[in-house]
Amino acid sequence: GDSVTQMEGPVTLSEEAFLTINCTYTATGYPSLFWYVQYPGEGLQLLLKATKADDKGSNKGFEATYRKETTSFHLEKGSVQVSDSAVYFCAMDTGRRALTFGSGTRLQVQP
Amino acid sequence: SAVISQKPSRDICQRGTSLTIQCQVDSQVTMMFWYRQQPGQSLTLIATANQGSEATYESGFVIDKFPISRPNLTFSTLTVSNMSPEDSSIYLCSIQGGGETQYFGPGTRLLVL
């Protein structure tokens, strides 16, 4: 069945380090892909998205490229800040409009 | 993007009781979704609610336990019935906005004792 797999957390980085959070998906067809972020004590917010192969979503210095050949949508940021500490969820929409989420990856950035 | 509100924001309930969660959207939407986020877990879809029809439940969720109402295009309720401690979760409603993006309400944090 359809599923999203994310790397296990927590991921602990020092400020200004490079971030990669891996996300791969299994789906029939070509889903739309999303990254959502949940800051401590807050609701779920859309971070970025890509709706077709080779699209790159970007926002707040974060980027992810839709790779059909590897069924991946890895999240990257060149220089993380303490304020980026949050839980990051990879998700997809296979056309049924509801989202399938990965397990979430907690990022902790230390000063 | 739409503004989505939920009531209550949090509650502490006794086992065996029921709680109704309200979701209000500031614009008309066809489809609304209810998700559950158990402690430390990801989000799991409970059901899809279309106005004027029965909600469609995902595997593992049943109408008797999670009855849903959708009386109009801006409002929905989810009831968590006959609660047990395993129902302690954050319950979120969401809508689909433009560009296939889903927007989420702030969530209802439920603790069952």
Side-chain angles (χ1 to χ4, degrees), chain A residues 1-10 21 23-25 27 29-53 55 57-59 64 66 73 86-108, chain B residues 1-10 21 23-25 29-51 53 55-61 68 70 76 78 89-109:
Chain A
D2 298 338
S3 65
V4 176
T5 302
Q6 280 182 244
M7 63 188 289
E8 292 283 329
I21 300 178
C23 172
T24 57
Y25 66 89
Y30 303 106
S32 295
L33 301 172
F34 305 84
W35 277 101
Y36 282 83
V37 58
Q38 189 172 41
Y39 296 102
E42 298 187 15
L44 208 60
Q45 303 174 26
L46 177 68
L47 181 60
L48 53 84
K49 68 178 184 180
T51 57
K52 61 182 187 295
D55 269 2
S58 62
N59 186 25
Y66 190 139
F73 193 55
V87 180
Y88 293 82
F89 293 94
C90 186
M92 69 176 178
D93 177 359
T94 57
R96 43 189 306 250
R97 300 193 186 178
L99 294 175
T100 300
F101 283 86
S103 56
T105 302
R106 181 175 300 278
L107 170 65
Q108 298 173 333
Chain B
S1 62
V3 176
I4 307 170
S5 60
Q6 286 185 233
K7 289 182 182 179
S9 59
R10 59 179 63 229
I21 302 168
C23 179
Q24 180 76 53
V25 186
V29 294
T30 303
M31 298 176 78
M32 295 178 75
F33 307 91
W34 287 98
Y35 291 83
R36 179 174 73 181
Q37 186 179 19
Q38 294 178 299
Q41 304 292 317
S42 186
L43 283 79
T44 302
L45 180 67
I46 298 172
T48 302
N50 291 335
Q51 193 270 333
S53 63
T56 302
Y57 289 83
E58 297 297 298
S59 175
F61 298 96
I68 289 172
R70 184 78 205 276
S76 178
L78 169 75
S89 296
I90 301 173
Y91 292 86
L92 302 102
C93 67
S94 75
I95 65 164
Q96 183 155 24
E100 301 175 303
T101 299
Q102 279 207 14
Y103 298 97
F104 287 82
T108 295
R109 192 177 296 269

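Heavy atoms only: backbone and side chains are in, while hydrogens, waters and symmetry mates are out. Numbered from 1 within each chain, the chains take letters A, B, ... in sequence-line order.
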(message) Working to the nearest 0.5 angstrom, can you tell me the gap between A/Phe101 CZ and B/Gln37 CD?
(response)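 If I round to the nearest 0.5 Å, the distance is 8.5 Å.
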(request) Under 4.5 Å heavy-atom distance to chain B, tell me which part of A/Gln38 shows up: side chain, backbone, both or neither. (result)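 Contact with chain B is through the side chain of A/Gln38 alone.
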(message) Heavy-atom cut-off 4.5 Å, strictly under: side chain, backbone, both or neither for A/Leu99 against chain B?
(response)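 Contact with chain B: backbone and side chain both.
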(request) Decide if atom CD of A/Gln45 counts as having more than 12 heavy atoms of other residues, nucleotides or ligands within a radius under 6.0 Å. (result)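 Above 12, so yes.
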(request) Look at atom CZ of B/Phe61 and say whether more than 12 heavy atoms of other residues, nucleotides or ligands are closer to it than 6.0 Å. (result)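 Yes, because the 6.0 Å sphere around CZ of B/Phe61 holds more than 12 heavy atoms from other groups.
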(request) Give the minimum heavy-atom separation between B/Thr101 and A/Phe34, together with the two atoms involved. (result)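 Nearest pair, atom of B/Thr101 first, then A/Phe34: CA-CE2, 4.0 Å.
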(request) Looking only at non-hydrogen atoms, find the nearest pair between A/Tyr36 and B/Gln102 and report the distance. (result)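 Closest approach of A/Tyr36 to B/Gln102: OH-O, 2.6 Å.
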(request) Counting only heavy atoms closer than 4.5 Å, note whether B/Leu45 contacts chain A via side chain, backbone, both or neither. (result)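 For B/Leu45, the side chain is the part near chain A, not the backbone.
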(request) Look at A/Gly43, A/Ser32, A/Ala98, A/Ala91 and state which one has the largest set of heavy-atom pairs under 4.5 Å with chain B. (result)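 Highest number of pairs under 4.5 Å: A/Ala98.
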(request) Answer yes or no: is there a donor N or O on one side and an acceptor on the other, between the side chain of B/Ser42 and the main chain of A/Gly104, under 3.5 Å? (result)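 Between the backbone of A/Gly104 and the side chain of B/Ser42 there is no qualifying donor-acceptor contact (under 3.5 Å).
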(message) Looking at chain A, which one of B/Arg109, B/Glu58, B/Gln41 has the largest number of heavy-atom pairs inside 4.5 Å, strictly under?
(response)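 Result: the option with the highest number of such pairs is B/Glu58.
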